[in-house]
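Worksheet: the structure to be examined is printed underneath.
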Amino acid sequence: MNAVLASENRGGAPFEYIVTEKKGKSGNVGFIRLNRPKALNALCNGLMAEVNRALDDFEKDPAVGAIVLTGSDKAFAAGADIKEMQNQTFQECYGGTFLGHWDRLSRVRKPVIAAVNGYALGGGCELAMMCDIIYAGEKAQFGQPEILLGTIPGAGGTQRLTRAVGKSLAMEMVLTGDRISAQEAKQAGLVSRIFPVEKLVEEAILCGEKISGNSKIVTAMAKESVNAAFEMTLAEGNKLEKRLFYSTFATDDRKEGMSAFVEKRKANFKDH
């Protein structure tokens, strides 16, 4: 059963650029579909503001344990809206922290799965990389073509891509603007799995359901610890991991999980 949010924001007005629902048998997977088909889901400020509002709503929903973000079969997102950027000045960008609100996705505490079909270029590739897991359709293409427009990635493209695929491939993609296929992206470590186009979203939702079946509080700790591996030295990261590991022993869910294992039954997590 899908509990539909009627694609509305908190004020009750319909979203213009996205569609939101709760998916999964228990309605425990938040679902956001970018819905600007004529522009191949180009990321305008209005669309990003709506994505951020939807993320806020799913963050606050105790039933939701994971979130899936997707676009259309043709394009996850073909980039930022260039018409919106074209006449920006340096002073406007710097003074107004242009694109500053785009990284909300990277600060969501609940796991986010990107289901990427078609083009994930420029800001679209950056948006996918802000997610925790990337699943790709067989025909997906990833790229950072900003150099061809006389600029560089501005929402994490040079940073997250380098950490995901290594310096050589990231440098080649950023300096040439060339795209890589889903298969190349998986080989390089950018995506975790590839599926047929028509199966992709379904598989991402299944992954979200699996994650939602675990303790939400412990899942948040696990996500924090993995993310720390990108930010810290190995020694610092191991210290944080140990503190978070110890912290799980203060939760009822850790007791329940281990008791269920010993008693050979399925754990019944209560998220506290």
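Please read all numbers here as calculations on a predicted model, not as lab measurements. Values below: all heavy atoms of this structure, side chains included; hydrogens, waters and symmetry mates excluded.
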Begin from the C-alpha positions of V51 and L105 and carry the test side-chain contact (heavy atoms from CB on, under 4.5 Å) through to its verdict. CA-CA 8 Å; V51 167; L105 183 57; 5.5 Å; no
Go through L43 and E126 one step at a time and tell me if the side-chain contact (heavy atoms from CB on, under 4.5 Å) criterion holds. CA-CA 11 Å; L43 305 175; E126 291 171 314; over 6 Å; no
Yes or no on side-chain contact (heavy atoms from CB on, under 4.5 Å) for L69 and F76, after CA distance, side-chain angles and deciding distance? CA-CA 9 Å; L69 176 66; F76 175 74; 4.0 Å; yes
Kindly indicate, with the supporting measurements, whether the criterion side-chain contact (heavy atoms from CB on, under 4.5 Å) is fulfilled by L206 and E203. CA-CA 5 Å; L206 286 172; E203 292 290 345; 3.9 Å; yes
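By the 6.0 Å contact criterion, CG on L148 is enclosed, its count of non-hydrogen atoms from other residues, nucleotides or ligands being greater than 12. More than 12 non-hydrogen atoms from other residues, nucleotides or ligands lie less than 6.0 angstrom from CD of Q88.
For the residue pair I67 and L55, the shortest heavy atom distance occurs at CD1-CD2, 4.2 Å. When every heavy atom of I18 is checked against every heavy atom of A54, the shortest pair comes out as CD1-CB, 3.9 Å. Nearest heavy atom pair, residue N41 against residue A77, reads O-CB, 3.4 Å. Closest of all the heavy-atom pairs between K22 and V64 is CE-CG2, 4.2 Å. K186 and R193 get closest at one heavy-atom pair: CE-CA, 4.1 Å. The minimum heavy-atom distance linking I113 with A204 is given by the pair CD1-O, 3.6 Å.
In this structure the side chain of Q183 never reaches within 4.5 angstrom of the side chain of Q187, judged on heavy atoms. Contact of the M258 side chain with the V262 side chain is not registered, since no non-hydrogen atoms from C-beta on lie closer than 4.5 Å.
Applying the salt bridge (charged side-chain N to carboxylate O under 4.0 Å, His left out) test between E256 and each of K266, K270, R265 identifies R265 as the sole match.
Following chains of ILVMFWY side-chain contacts shorter than 4.5 Å, one cannot reach L34 starting from Y119, and the two form parts of different hydrophobic clusters. Neither F142 nor F195 shares a network with the other; the hydrophobic side chains, linked directly or stepwise wherever heavy atoms of I, L, V, M, F, W or Y lie under 4.5 Å apart, form separate groups for each. At a threshold of 4.5 Å between side-chain heavy atoms, the hydrophobic network of Ile, Leu, Val, Met, Phe, Trp and Tyr places L149 and L175 in two separate groups. V68 and L47 sit in two unconnected hydrophobic clusters of ILVMFWY residues. Membership requires side-chain heavy atoms under 4.5 Å apart, directly or through other members. Hydrophobic clustering, with ILVMFWY side chains joined whenever heavy atoms are under 4.5 angstrom apart, keeps V29 apart from F269.
The ring pair (Phe, Tyr, Trp, His ring centres under 6.0 Å) analysis of residues 239-268, with sequence neighbours excluded, yields the pairs F245-F249.
Residue S181 holds its OG atom at 11.0 Å from CD of E138, rounded to the nearest 0.5 Å. Going from atom CG of D56 over to atom CG of D61 covers 12.5 Å, rounded to the nearest 0.5 Å. K242 NZ to L240 CG: the interatomic distance, rounded to the nearest 0.5 Å, is 11.5 Å. Here the straight-line distance linking atom NZ of K139 with atom NZ of K74 works out to 12.0 Å at 0.5 Å rounding. Note: F58 CZ to T20 OG1 = 5.0 Å, rounded to the nearest 0.5 Å. Of the inter-residue distances, the one linking T70 atom OG1 with R33 atom CZ reads 5.5 Å to the nearest 0.5 angstrom.
No side-chain donor-acceptor contact under 3.5 Å links R36 to the backbone of Y17. Side chain of N117 to main chain of L200: no donor-acceptor pair is present (N/O by atom type, distance under 3.5 Å, no hydrogens or angles). Here the side chain of K110 pairs a donor or acceptor atom with the backbone of E59 at under 3.5 angstrom. Side-chain N or O atoms of S225 include none that pairs as donor or acceptor with a backbone N or O of M221 at under 3.5 Å. Side-chain atoms of Q144 never come within 3.5 Å of backbone atoms of C125 as a donor-acceptor pair (strictly under, hydrogens ignored).
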Side-chain donor/acceptor pairs under 3.5 Å, residues 207-215, sequence neighbours excluded:
from : atom 1 : to   : atom 2 : distance (Å)
E209 : OE2    : K25  : N      : 2.9
S212 : OG     : N28  : O      : 3.0
S212 : OG     : A66  : N      : 3.3
S212 : OG     : G208 : O      : 2.8
S215 : OG     : V218 : N      : 3.3
S215 : OG     : D253 : OD2    : 2.6

May I have the list of side-chain donor-acceptor pairs in residues 127-136 shorter than 3.5 Å, sequence neighbours left out?
from : atom 1 : to   : atom 2 : distance (Å)
D132 : OD1    : K223 : NZ     : 3.4
D132 : OD2    : V112 : N      : 2.8
D132 : OD2    : K223 : NZ     : 2.8

